[in-house]
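Below is one structure, written out as structure tokens; comments come after it.
Proteins get letters first, then strands, A, B, ... in listed order; numbering begins at 1 in each.
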2 protein chains.
Amino acid sequence: MKTTRNTTAKTAVLEIFGKSKTALSHTEIYKLTADLCDRVTVYRILDRLVNDDIVHKIVGLDGTVKYAKCHHAHPVTIHNHAHFSCENCLEITCLESVKPSYIIPHNYKVNDINFTLSGLCPNCLNSNI
Amino acid sequence: MKTTRNTTAKTAVLEIFGKSKTALSHTEIYKLTADLCDRVTVYRILDRLVNDDIVHKIVGLDGTVKYAKCHHAHPVTIHNHAHFSCENCLEITCLESVKPSYIIPHNYKVNDINFTLSGLCPNCLNSNI
DNA sequence: TGTATATTTGCAACAAAATTGCATTAAGCA
DNA sequence: TGCTTAATGCAATTTTGTTGCAAATATACA
């Protein structure tokens, strides 16, 4: 079986996730590592983290891909919670408490869910933009 | 005020949308126009159509961007319905009837919603893949 | 602690997707 | 029909993500 190793680059990326309250894009993460490793390496670390369910991938309404650390008490197969994508500051945050309810047509098999709301986050709403 | 013109390219793109039951990517649309216009023009037409709320933009779980014509009887500001993204055939279809219900935290202002389910569509489910 | 081995990484090259600037074309109105 | 301005084509560029392979290094185990 393929085991996953704890490298310095991976540790650094995890630390970055720990410090950030919002979801981060590959580019943002790469910049925050400050030339610790190659661009490609960051892509591969993210792939592994997503695979190991340590981080989850979020796609914004505009198509931008971001990543955020999961806060599940236990591992889950479906990340059934909403994300908020702010149109002003472009930040994406997890709304862990917002779970959508819906009725699936019976002839579809659902494996994953992406529920993203966009608009203005509390910060930008206060700034009256 | 900026007016929107009905060009041959725009008409062709709209016709393509009319014929398609699933959402289409920029590349697919461009190919279907069969060299009627430049790749860039297709991007710009799609931008305009999205802006005019004639077409809406759908982002798949993998980050792929697709477009579909809206079928609203009346113009709406929020496209509050689900989309289904098939992992096998990669098609994205609108599930017009599936409307998510959810509770928004009061300090957020929601302008748009993206609710995408992914898994296997009825076709691929039948093929036992 | 040292060594074997399989995972990670860096580098370079590539591919796809999207954007921008500018000169030219054409849609729609008077 | 002619005028104004939106729309287009083209070329160049940026951004984003992928792949192959040799070198580096984390981990298990003797």
Inset, instruction - State, to 0.1 Å, how close C121(A) and Y108(B) come at their nearest heavy-atom pair, and which atoms those are. - result: CA-CD2, 3.9 Å
Inset, instruction - Using a heavy-atom cut-off of under 4.0 Å over every strand shown, decide if L36(A) touches base, sugar-phosphate, or nothing. - result: sugar-phosphate
Review item, nucleotides 28-30 of chain C N/O atoms under 3.5 Å of protein N/O:
| residue | atom | partner | partner atom | Å |
| --- | --- | --- | --- | --- |
| dG28(C) | OP1 | N6(B) | N | 2.9 |

Inset, instruction - For the side chain of V40(B), starting at C-beta, report the closest nucleotide among dT8(D), dA11(D), dA6(D). - result: dA11(D)
Legend entry - Neighbour count above 12 (heavy atom, 6.0 Å) for K99(A) NZ: yes
Inset, instruction - Check the distance between dT7(C)'s C1' and N51(A)'s CG and give it to me in whole angstrom. - result: 14 Å
Legend entry - Between P of dT7(C) and CD1 of I45(A), the distance in whole Å: 16 Å
Legend entry - Euclidean distance, atom CG of residue D52(B) to atom C1' of dA7(D) [Å, nearest integer]: 13 Å
Inset, instruction - Take atom NZ of K10(A) and atom P of dT25(D), then tell me their distance rounded to the nearest Å. - result: 18 Å
Inset, instruction - Round to a whole Å and report the spacing from CG of D38(A) to P of dA12(C). - result: 9 Å
Inset, instruction - Determine whether more than 12 heavy atoms belonging to other residues, nucleotides or ligands lie under 6.0 Å from atom CG of L36(A). - result: yes
Inset, instruction - Measure from the side-chain N and O atoms of D38(A) to the backbone N and O of V40(A), and report whether any donor-acceptor pair falls under 3.5 Å. - result: yes
Legend entry - Nearest to side-chain heavy atoms of Y43(B), which nucleotide of dT19(D), dC10(D), dT19(C): dT19(C)
Inset, instruction - By nearest nucleotide on DNA chain C, pick out whichever of R48(A) and V65(B) is the more 5' one. - result: R48(A)
Legend entry - D47(A) CG to dT8(C) P, straight-line distance once rounded to whole Å: 12 Å
Legend entry - Approximate separation, where rounding is to 0.5 Å, of T11(B) OG1 and I45(B) CD1: 8.5 Å
Legend entry - Nucleotide dA18(C), atom C1' - distance to CG of D62(A) in whole Å: 13 Å
Inset, instruction - Only pairs at least two apart or in different chains count here, so list each ring pair (Phe, Tyr, Trp, His ring centres under 6.0 Å) that has a residue in residues 27-52 of chain A. - result: H26(A)-Y43(A)
Legend entry - Atom pair distance, as rounded to whole Å: NE2 in H26(B) and P in dT19(C): 10 Å
Legend entry - Salt bridge E28(B)-K66(B), side-chain N to carboxylate O under 4.0 Å: yes
Inset, instruction - Please tell me which of R39(B) and R44(B) maps to the more 5' nucleotide of DNA chain D, matching each residue to the nucleotide holding its nearest heavy atom. - result: R44(B)
Inset, instruction - Select base, sugar-phosphate, or nothing to describe what T27(B) touches, counting heavy atoms under 4.0 Å on all strands. - result: sugar-phosphate
Inset, instruction - Tell me whether the OP1 or OP2 atom of dA6(D) has a side-chain N or O from T3(B) closer than 4.0 Å. - result: no
